[in-house]
Amino acid sequence: MILQGQAFEPFTQEPIRLIGDGGEWVGPFELDLEPEKLRGFYLDMLLGRLIDERMSRLQRQGKTSFVAPSAGHEAAQVGMAHALRRGHDWLYPYYRDVALLTALGMPLIEFVGQVMGTRADPAKARQMPYHPGSRELNVFTVASPIASHVPPAVGTALAMKLSGRSEVVLCTFGDGATSEGDWHAGVNLAGAQGAPIVFACENNGYAISVDFKKQTGSDNIAVKAQSYGMPGYLVDGMDVLASYFVARDAVERAREGVGPSLIEFVVYRYGGHSSADDDARYRPREEVEAWRRRDPLARYRRFLERRDLWDDAAEEQARAELGTQLQDAITRAEAAGPAPVEWMFDDVYAEVPARLVRQRRELLG
Amino acid sequence: MILQGQAFEPFTQEPIRLIGDGGEWVGPFELDLEPEKLRGFYLDMLLGRLIDERMSRLQRQGKTSFVAPSAGHEAAQVGMAHALRRGHDWLYPYYRDVALLTALGMPLIEFVGQVMGTRADPAKARQMPYHPGSRELNVFTVASPIASHVPPAVGTALAMKLSGRSEVVLCTFGDGATSEGDWHAGVNLAGAQGAPIVFACENNGYAISVDFKKQTGSDNIAVKAQSYGMPGYLVDGMDVLASYFVARDAVERAREGVGPSLIEFVVYRYGGHSSADDDARYRPREEVEAWRRRDPLARYRRFLERRDLWDDAAEEQARAELGTQLQDAITRAEAAGPAPVEWMFDDVYAEVPARLVRQRRELLG
Amino acid sequence: MSVQTMAQAIATTLDSEMARDERVVVIGEDVGKRGGVFLATDKLFDKYGPDRVIDSPLSEAAIIGAALGMAVYGIRPVAEIQFADYVFPGFDQLVSQVAKVRYRSGGAFAAPLVVRMPSGGGVRGGHHHSQNPDAHFVHTAGLKVVYPSTPADSAGLLRAAIRDDDPVVVMEPKRLYRAVKEEVPEGDHVVAIGEAAVRREGDDVVLVSYGGSMAETLKAADALQEQGIRPHVLDLRSLQPWDEDAVLAAAARVGRVVLVSESPRTAGFMAEVSATIVEEVMDSLLAPPLRVTGFDTPYPYAQDREYLPSPNRILRAVERVLTY
Amino acid sequence: MSVQTMAQAIATTLDSEMARDERVVVIGEDVGKRGGVFLATDKLFDKYGPDRVIDSPLSEAAIIGAALGMAVYGIRPVAEIQFADYVFPGFDQLVSQVAKVRYRSGGAFAAPLVVRMPSGGGVRGGHHHSQNPDAHFVHTAGLKVVYPSTPADSAGLLRAAIRDDDPVVVMEPKRLYRAVKEEVPEGDHVVAIGEAAVRREGDDVVLVSYGGSMAETLKAADALQEQGIRPHVLDLRSLQPWDEDAVLAAAARVGRVVLVSESPRTAGFMAEVSATIVEEVMDSLLAPPLRVTGFDTPYPYAQDREYLPSPNRILRAVERVLTY
Ligand SMILES: Cc1ncc(C[n+]2csc(CCOP(=O)(O)OP(=O)(O)O)c2C)c(N)n1
Ligand SMILES: Cc1ncc(C[n+]2csc(CCOP(=O)(O)OP(=O)(O)O)c2C)c(N)n1
Ligand SMILES: [Mg+2]
Ligand SMILES: [Mg+2]
């Protein structure tokens with residue numbers, strides 16, 4: 001049976017929007033958020049955007065081997081971050097969730113340290129860039145195999161149910177991820193068990209070069225919730241307030257034990273799939289430009305300015321401050337120095353087995 | 001986009017029925033089938049029922065190691081068999097499709113030979129009982145891993161599309177199978193590519209002991225077609241005419257290039273999951289009895305009798321004839337003798353590699 | 001102490017561990033009311049209910065993946081894969097997620113979980129109810145693998161696995177589930193992971209095996225005794241880590257070794273044992289270590305018995321190493 | 001003849017086989033307009049269109065399973081798995097369906113298909129873009145496995161695989177995709193599956209390797225030459241079947257063997273080679289065959305190079321077998 005959202009209808013044909021192109025509020029209810037909170041959304045999006053630009057530069061400078069552009073996804077990501085109880089709820093993110101992680105409170109030095117793969121990486125530089133995680137923030141470390149984090153996310157939600165705590169899991173992924181068998185296996189288990197979890201698809205219309213029409217036969221991702229007896233919401237993922245409110249409703253519904261939901265955020269990635277991609281091979285430039293015109297930061301800035309919550313001065317100051325923080329993190333991450341070779345042999349098991357002790361000796365003498 | 005069936009509505013709340021409990025026609029259109037065809041449906045269901053009973057006896061007699069009861073599934077299976085062009089279309093069946101295979105024309109000696117695992121098994125007794133297949137009939141040999149035949153079935157359908165022939169694939173499975181990742185991966189590919197295939201779920205409410213509520217959160221299987229942009233039909237699988245007409249429409253639609261469909265046949269298995277099962281541990285006897293009262297053979301016999309197409313004499317004669325054919329097949333399968341040991345080393349590759357020649361010598365000297 | 005079959009020993013061990021630690025849960029197909037198709041979870045559902053004895057949908061990826069998600073949260077799941085042959089739909093969860101989560105997270109997250117699976121042939125199951133995929137697990141860094149051959153060891157190793165801080169694959173020789181009964185110590189009976197057991201003392205030839213093939217290996221050993229040949233028989237019990245010390249010491253002392261496993265020969269686990277023996281103690285060898293294994297074919301149905309290493313094949317190999 | 005990198009040789013071979021036989025189709029993630037993330041299917045989409053160059057949804061089970069369904073029907077699919085690390089979601093399709101369909105159907109159905117996969121480390125991909133799962137395939141009866149190390153062999157073995165009547169896993173050393181250019185014969189250039197290539201003639205020590213590690217193995221060989229030591233270097237090229245004759249003959253003749261593979265050590269393919277050498281020619285050995293391999297850890301990111309067998313590690317092993 002389909003569970004109804006509180007304020008929003010599932011399975012709409014058009015994406016749910018709360019902010020119009022001109023920045024005007026078009027929501028069906030009274031907006032009740034503090035100015036600080038409203039400004040906070042913008043600052044978090046801006047930080048995500050700045051990180052994206054800065055990391056690409058780092059990559060061109062040869063200071064990191066890889067980046068996964070996230071520009072265009074900020075509104076959905078920041079909206080989700082604010083829907084969670086930091087350090088209480090759990091997040092199973094994917095590699096493109098830069099703004100989501102930093103908005104959730106991941107220290108810049110941890111994110112940048114992971115991207116640069118130095119001693120500053122709390123995870124000991126074990127994985128390629130854009131694979132962060134955090135025990136403190138309950139952020140499950142990103143793994144490369146697409147959708148392989150979905151069944152584990154459901155397992156954590158089932159464990160929460162068992163422990164009777166009021167925690168919730170948020171699990172994010174792209175549109176391509178929904179084609180993997182593991183995605184289905186996980187979401188289906190959540191539906192069958194009524195697990196306290198929210199599934200969030202950041203649908204940017206492409207899985208590397210494969211466009212959505214070749215990915216699946218359905219009109220959108222939200223409708224797939226029908227298969228699992230949960231509500232599916234189609235949301236304008238370039239509208240940070242729509243993203244926030246729909247996510248918040250779904251998270252709270254899960255917290256109350258009503259059950260899981262699936263949210264599709266319609267977004268677009270401005271950059272290539274990664275620093276190794278050449279998107280000109282499969283995307284017309286006009287398409288990219290058309291989406292850039294709907295930029296989530298620009299639209300939301302118009303919203304704030306209409307309410308006198310933002311202006312050029314604020315913008316300038318914010319960019320300066322965030323830029324400094326970012327540069328500081330990069331400097332510290334670099335200064336931390338390269339990860340030592342002997343780290344290679346730790347953490348395979350709780351204790352280093354005799355076999356690995358011998359192999360370490362074989363390499364390091 | 002959802003493709004509409006010709007005569008039937010997809011996604012109905014109630015299963016599509018054409019025959020009432022009393023055997024009366026309740027269809028929305030004129031029934032246009034020849035008496036011979038109508039009687040043929042019954043004979044095919046009866047044969048399936050007789051095989052089921054006889055194989056269970058064989059198993060108790062120790063003449064086969066395993067059986068998968070199919071009683072209760074006959075109407076859906078026979079309906080599907082008649083919707084296909086024999087030897088032209090392809091079938092990717094699962095282990096419970098006894099009546100489907102024999103109605104499609106699989107010689108009894110081949111089916112029984114496989115079940116008894118003697119020299120009479122065209123597949124050289126490589127697999128456990130209830131894993132038949134046929135190159136001549138385009139029936140892909142059954143494999144045990146649930147849903148693992150679904151992606152291959154789609155591959156065959158894509159190959160047909162490429163070859164531009166007017167062939168169609170029918171792929172059957174149980175309700176539990178729909179939870180496997182491979183099921184999703186396959187059905188999603190078919191939807192994305194518009195492959196000429198019909199997916200058919202024989203939903204008997206259980207996956208061994210796991211009942212449907214624990215299998216998935218959706219109300220039924222048919223609705224899952226929404227995820228893949230194809231129509232889903234909920235059908236009374238104990239109504240052979242409803243099963244036939246809905247399957248025929250879906251098959252012809254696929255043949256015309258309109259695209260794939262998913263059909264859910266609501267059935268019940270009277271027996272245990274297999275000869276190794278003890279269903280009393282998880283199913284109340286009353287439930288089994290209640291379903292037996294809706295027996296597909298009894299209901300359809302009433303239908304035929306109302307039209308004077310069947311009577312006790314015909315029943316007696318049919319049982320006698322089919323019983324003799326069945327006994328004859330069993331006798332011949334047994335007489336064929338055990339499968340030779342050396343068969344173990346063939347068909348691993350097109351040619352037996354040196355390594356296996358050595359291993360054969362190691363065993364046989 | 002009570003006399004039990006292997007299947008009973010497993011069920012009672014799960015029961016006692018669930019009673020001891022409420023974080024221990026069971027998840028799998030038909031583990032609930034059905035008690036598992038081999039009754040290895042018999043009665044647990046009635047005693048602990050649906051929250052701790054979870055009947056999963058039909059998906060091994062869901063079972064193994066969910067177990068991982070529970071483990072990182074702090075629950076101690078024991079997942080059942082109905083037949084080892086069906087681990088493959090969940091193989092990505094096992095090798096990409098479970099085995100690597102501690103490593104890739106730099107120790108932030110770990111997966112103390114157990115994956116039990118009835119394994120091996122001899123039950124007329126054909127090739128999807130008879131396989132022995134141990135080599136795949138042993139080759140995967142981050143996993144531990146145990147493979148008991150007796151009721152007591154099944155209890156002791158399963159208990160050790162549940163209490164271990166790393167993911168442990170527990171392979172159970174299904175053809176021995178009901179083959180023998182023996183005294184099974186209860187309470188805290190634990191068999192340390194990584195320790196082989198000496199089943200016969202001798203110095204004419206070393207027979208190394210594990211799991212289901214221990215039955216045929218011991219039959220062969222008895223036949224040798226009757227001929228006055230004294231075999232030293234090792235039951236590995238654990239494959240990852242495996243007891244290199246015990247095997248190397250015996251190999252060095254006796255110089256003649258036969259390795260018995262029902263898994264397919266090529267790149268099977270016994271290739272690793274053979275290579276290690278030669279790397280470490282070649283000069284003490286009087287003959288090359290010989291492997292007696294399953295064949296490099298899918299597991300057949302009609303030749304269910306012939307596929308397995310028989311006492312005769314083992315004896316022929318022993319003869320070759322003795323007369324080398 | 002034309003001078004090509006390995007990636008170019010693969011693309012041109014696919015092109016020529018698709019031109020030769022219209023039954024040959026390509027399926028995988030991003031093989032269409034994108035031409036594959038390594039450009040191994042570059043330009044094929046423009047030339048042959050979406051029906052023969054199929055961009056699949058993001059599912060390796062769909063890719064491998066669909067390839068099987070095409071093959072049993074009579075099409076000759078070449079599936080691409082974007083990185084060998086991502087074969088695992090499709091592993092069940094490969095081991096349960098593809099590898100066994102001929103056997104379980106008694107020869108009624110067969111799977112003449114190819115699964116290509118960029119494999120191995122050295123590209124700073126961390127542990128999900130660097131793995132070398134060859135042992136899993138070699139251990140699976142019914143599959144053939146090839147692993148070229150040069151542009152010419154990549155073309156010749158891929159062509160042989162496409163024309164073979166059994167399923168062939170083609171592993172491609174991604175770190176060598178653009179490393180070297182060489183003359184690649186066109187037309188019907190086929191390299192027989194199962195035949196090793198002698199890369200250096202010598203009789204002081206035998207170096208056996210394949211795939212990406214051939215680069216370091218040849219570096220080590222050159223260093224030995226300079227020291228006046230004459231190594232015999234074998235490039236296996238095929239792992240299933242592998243060229244036992246060439247390896248055993250060289251091992252028997254020279255008596256000292258070093259086995260180099262970047263796969264994890266335990267139960268890796270080289271354990272099989274070592275065990276076979278000892279079973280067949282132990283008496284001719286002057287030292288135990290030594291393995292130089294990747295470590296038994298997940299593939300690390302920061303130590304991308306240190307994980308791989310380096311010329312130095314190879315030379316240290318050679319020294320041990322020479323001074324044994
Ligand atoms: C199992 C698996 N197969 C293939 C890949 C290679 N790959 C990395 S990202 C990607 C596309 C993912 O697209 P989507 O899910 O839409 O997320 P997006 O990158 O668009 O945000 C692919 C195919 C992978 N990482 N894992
Ligand atoms: C991958 C896999 N996992 C588990 C099994 C064991 N198994 C055999 S049949 C079955 C239940 C199938 O139920 P369903 O799909 O509903 O078909 P039914 O038997 O009810 O007709 C299970 C779990 C299997 N064969 N394959
Ligand atoms: Mg995308
Ligand atoms: Mg069922």
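Chain letters run A, B, ... following the sequence lines, proteins first, then strands; residues in each count from 1.
Heavy atoms closer than 4.5 Å to chain A are found in the side chain of V25(C), but not in its backbone. Proximity to chain C (any heavy atom under 4.5 Å) is shown, for V348(A), by both the backbone and the side chain. Contact annotation for K144(C): both backbone and side-chain heavy atoms come within less than 4.5 Å of a heavy atom of chain A. Looking at E60(C), neither its backbone nor its side chain comes within 4.5 Å of chain A, counting heavy atoms on both sides. For chain C, the nearby part of R126(A) is the side chain; its heavy atoms alone come within less than 4.5 Å. For S144(A), no part lies under 4.5 angstrom from a heavy atom of chain C. Using a 4.5 Å cut-off between heavy atoms, D346(A) touches chain C through its backbone atoms (N, CA, C, O) alone. Residue M128(A) does not touch chain C at all, counting heavy-atom pairs closer than 4.5 Å. Of the atoms belonging to A110(C), not a single heavy atom falls under 4.5 Å from chain A. Contact of A192(A) with chain C is made through the side chain alone, with heavy-atom distances under 4.5 Å. Looking at S105(C), the atoms closer than 4.5 Å to chain A (heavy atoms on both sides) sit in the backbone and in the side chain alike. With a threshold of 4.5 angstrom between heavy atoms, F140(A) approaches chain C through its backbone and through its side chain.
A heavy-atom distance below 4.5 Å is found between the side chains of Q193(A) and I54(C). Here the side chains of Q97(C) and H149(A) are in contact, with some heavy-atom distance below 4.5 Å.
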